[in-house]
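In what follows, chains carry the letters A, B, and so on, assigned in the order in which the sequence lines appear, proteins first and then strands, with residues in each chain numbered from 1.
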There are 2 protein chains.
Amino acid sequence: MTFQKRAHKILELLEEFGEVEIRQLATKIDVSEVTVRRDLTAMAASGLLYRTHGGAMKISEVIKPVSFVNKAASNIKAKDAICKRAAEDVIDGDVIFIDCGSTAFRLCQFIKNKKIKVITNSLPVVNELLDSAVTINLIGGEVDVTRQAVHGITAYEHIAKYRASKAFLGVDGITVEGLYAGSEHEASNTLAMALQSDCVYMLCDASKVGKTSYLRFNDLSLVNILVTNYNNPDVTEFRTKGISVLSVTV
Amino acid sequence: MTFQKRAHKILELLEEFGEVEIRQLATKIDVSEVTVRRDLTAMAASGLLYRTHGGAMKISEVIKPVSFVNKAASNIKAKDAICKRAAEDVIDGDVIFIDCGSTAFRLCQFIKNKKIKVITNSLPVVNELLDSAVTINLIGGEVDVTRQAVHGITAYEHIAKYRASKAFLGVDGITVEGLYAGSEHEASNTLAMALQSDCVYMLCDASKVGKTSYLRFNDLSLVNILVTNYNNPDVTEFRTKGISVLSVTV
DNA sequence: TTTTTTATGATTAATTTTGATCGAATTAAA
DNA sequence: TTTAATTCGATCAAAATTAATCATAAAAAA
């Protein structure tokens, strides 16, 4: 029995059962377990199967970590912690802006039962708050399909008509030098909301703090309160710039 | 039972129940709780699930896919026939208003692949057209939760800023005497859209024609074209009033 | 034929996996 | 708030699996 014949047999069994054990294979093919192990190692190297402890699996049966991983998902805990803390400051009667973006979105779950007005340009936020106690004001304008949010001049003018007590915003990067966005549109919305709010909360998980991005759209003075899980000595730099920093632990 | 198999099983259970407890998993997979805990930790690190105290939760997608639903229950066949006929008049380059309401909603499926701009205050319409060829302009303002649409003064002003070649509207009732709506808000939106359009299409299934309702908000002159499955001799009355009537059969 | 290479099997040490235990941390309850 | 009950993370030990080493047998090359 040559290697090629064994490989063929193994692939057949794999196709049939989805997985195989070394013990079984050794008996079935009538070779030693050592040989089977060697075969599997070679086949795995060629990408014909996925090697597991004690056997092998069909490639398609395996959870491919890379394709499954939602990069942002790993930060969900941080984002939730940040938003939970931020939500504590929201009181009945507030009128608040909620930015689009994955961080600010997670604020929704914590404010669902408050008697407040929410002004937002984010469709997911609207969807999430539809069956809640809050009153929703949706900012109008052109819909950015990829971002699932409304942008553009009309949106900007719409925002300018309202006044809120608090704004919960996100950015792509924040340093002591200023605020960074990934696009003009994002920046324009975030800026407009900030300008129309008494108190600006910036929600940034650790991956955003100290990072720069495509466009520096404003200096740090726009921000009143930074909520973050970034627990590094240099948050004091933000404090010296007059920003209140709310540190949360994940 | 290898880690891969357990992971597979855990993800399945997670998909089904949304959350799982370590105790349950240990029993179900027949391994110790320690092992389950280790599995969950590993999977959480890869972003496959959201670790909680005592178990795990399904990771909610970063941005929950927007899913506004339109419970267009009655007369779907008639409404589809009407909208199919109306959609024939929509050509590339058009800018069109689409009203909220179950009838106008069904126009979406027929215009998805046209290169047009759609201005609407209906959340289900936006949702339906998100992954299509059309450019969407969402009218801003206060969100009417029950109607899943945007209403109010801001919405009215927003509409007034745009000009469209065609408007596809619905009403609660239409007679030779005029147009009837179920509420002030509906009427205000429908009227605003009509005033900003070169050609006004009224989409009415047979149950609406010849019926009156709560509020008569305008006379018939607002309408250019009536699309309906109402096949009754007295549609001629509409024609004598200067309305083109497009009759469809179901 | 002889030598060299390759494939296989046996043996053993290293690694991985699993389960148990215990103090620390977290959550729930009083 | 304090207290009690879980749950967690770390460490350790046992079992299983693997990788490495070596010896033998078969195949290929000289």
Side-chain angles (χ1 to χ4, degrees), chain A residues 1-11 13-14 17-59 61-63 65 74-85 87-88 109-110 113 229 231 246-250, chain B residues 1-11 13-14 17-59:
Chain A
M1 179 82 91
T2 63
F3 168 72
Q4 280 74 16
K5 275 203 152 188
R6 292 199 303 272
H8 198 264
K9 182 95 183 175
I10 290 170
L11 286 179
L13 292 167
L14 218 46
F17 299 108
E19 59 188 324
V20 288
E21 282 177 28
I22 289 189
R23 203 82 49 83
Q24 303 173 349
L25 289 177
T27 313
K28 221 157 214 162
I29 312 182
D30 197 35
V31 285
S32 73
E33 294 184 14
V34 180
T35 302
V36 173
R37 206 169 290 130
R38 273 194 270 247
D39 287 353
L40 294 185
T41 307
M43 293 171 76
S46 321
L48 291 168
L49 46 78
Y50 183 88
R51 188 83 166 78
T52 65
H53 219 76
M57 288 178 85
K58 236 173 106 177
I59 296 275
E61 296 271 322
V62 185
I63 318 105
S74 53
N75 277 329
I76 282 191
K77 276 193 176 181
K79 288 173 178 173
D80 277 355
I82 289 166
C83 288
K84 192 176 177 187
R85 176 60 191 87
E88 287 174 15
Q109 57 187 315
F110 301 109
N113 298 314
N229 64 320
N231 288 312
L246 297 179
S247 282
V248 298
T249 49
V250 182
Chain B
M1 176 83 92
T2 62
F3 166 72
Q4 285 80 7
K5 261 210 119 182
R6 293 198 303 271
H8 209 265
K9 183 103 185 171
I10 290 170
L11 285 179
L13 292 168
L14 219 45
F17 300 109
E19 56 188 333
V20 288
E21 282 177 26
I22 290 188
R23 202 79 52 81
Q24 303 173 347
L25 289 177
T27 312
K28 219 156 213 163
I29 311 183
D30 197 34
V31 285
S32 73
E33 295 184 14
V34 181
T35 302
V36 173
R37 205 170 293 131
R38 270 194 274 247
D39 287 354
L40 294 184
T41 307
M43 293 171 75
S46 315
L48 292 166
L49 45 79
Y50 183 14
R51 190 81 165 78
T52 63
H53 222 76
M57 281 177 70
K58 190 178 153 188
I59 250 160

Between A:R51 and C:dT16, is there a contact of a side-chain N or O with OP1 or OP2 at under 4.0 Å?
no

Is the shortest side-chain N/O distance from A:T35 to OP1 or OP2 of C:dG9 below 4.0 Å?
yes

Got [X] and [Y] here, is their nearest side-chain heavy-atom distance under 4.5 Å?
| X | Y | answer |
| --- | --- | --- |
| A:R6 | A:V31 | yes |
| B:T35 | B:I29 | no |
| B:F3 | B:D39 | yes |
| A:M43 | A:I10 | yes |

Verdict with reasoning, A:R51 to B:Q4, per side-chain contact (heavy atoms from CB on, under 4.5 Å):
CA-CA 10 Å; A:R51 188 83 166 78; B:Q4 285 80 7; over 6 Å; no

Is a donor-acceptor pair below 3.5 Å formed from side chain B:R38 to base C:dG19, judging by atom type as modelled?
yes

Rounded to whole angstrom units, what separation is found between the [atom1] atom of [X] and the [atom2] atom of [N]?
| X | N | atom1 | atom2 | result |
| --- | --- | --- | --- | --- |
| B:E33 | D:dT6 | CD | P | 12 Å |
| A:E21 | D:dT17 | CD | P | 8 Å |
| B:R37 | C:dT18 | CZ | C1' | 13 Å |
| B:K5 | C:dT18 | NZ | P | 14 Å |
| A:I29 | C:dA7 | CD1 | P | 16 Å |
| B:D39 | D:dC8 | CG | P | 13 Å |

Which residue, B:V34 or B:R23, contacts DNA chain D at a nucleotide closer to its 5' end, judged by nearest heavy atom?
B:R23

For the helix from C:dT1-D:dA30 to C:dA30-D:dT1, what angle lies between the axis at the first five pairs and the axis at the last five pairs, to 10 degrees?
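For the helix from C:dT1-D:dA30 to C:dA30-D:dT1, the axes at opposite ends meet at about 40°.
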
Shortest non-hydrogen separation from B:S32 to B:A26 and the atoms involved
C-CB, 4.2 Å

Measure from the side-chain heavy atoms of [X] and tell me the nearest of [options].
| X | options | value |
| --- | --- | --- |
| B:H53 | C:dG9, C:dT17, D:dT7 | D:dT7 |
| A:R6 | C:dG9, C:dA20, C:dT8 | C:dT8 |
| A:V31 | D:dT18, C:dG9, C:dT26 | C:dG9 |
| B:T41 | D:dG9, C:dT27, C:dG19 | D:dG9 |

How about NZ on A:K58, more than 12 heavy atoms from neighbouring residues, nucleotides or ligands closer than 6.0 Å, or not?
yes

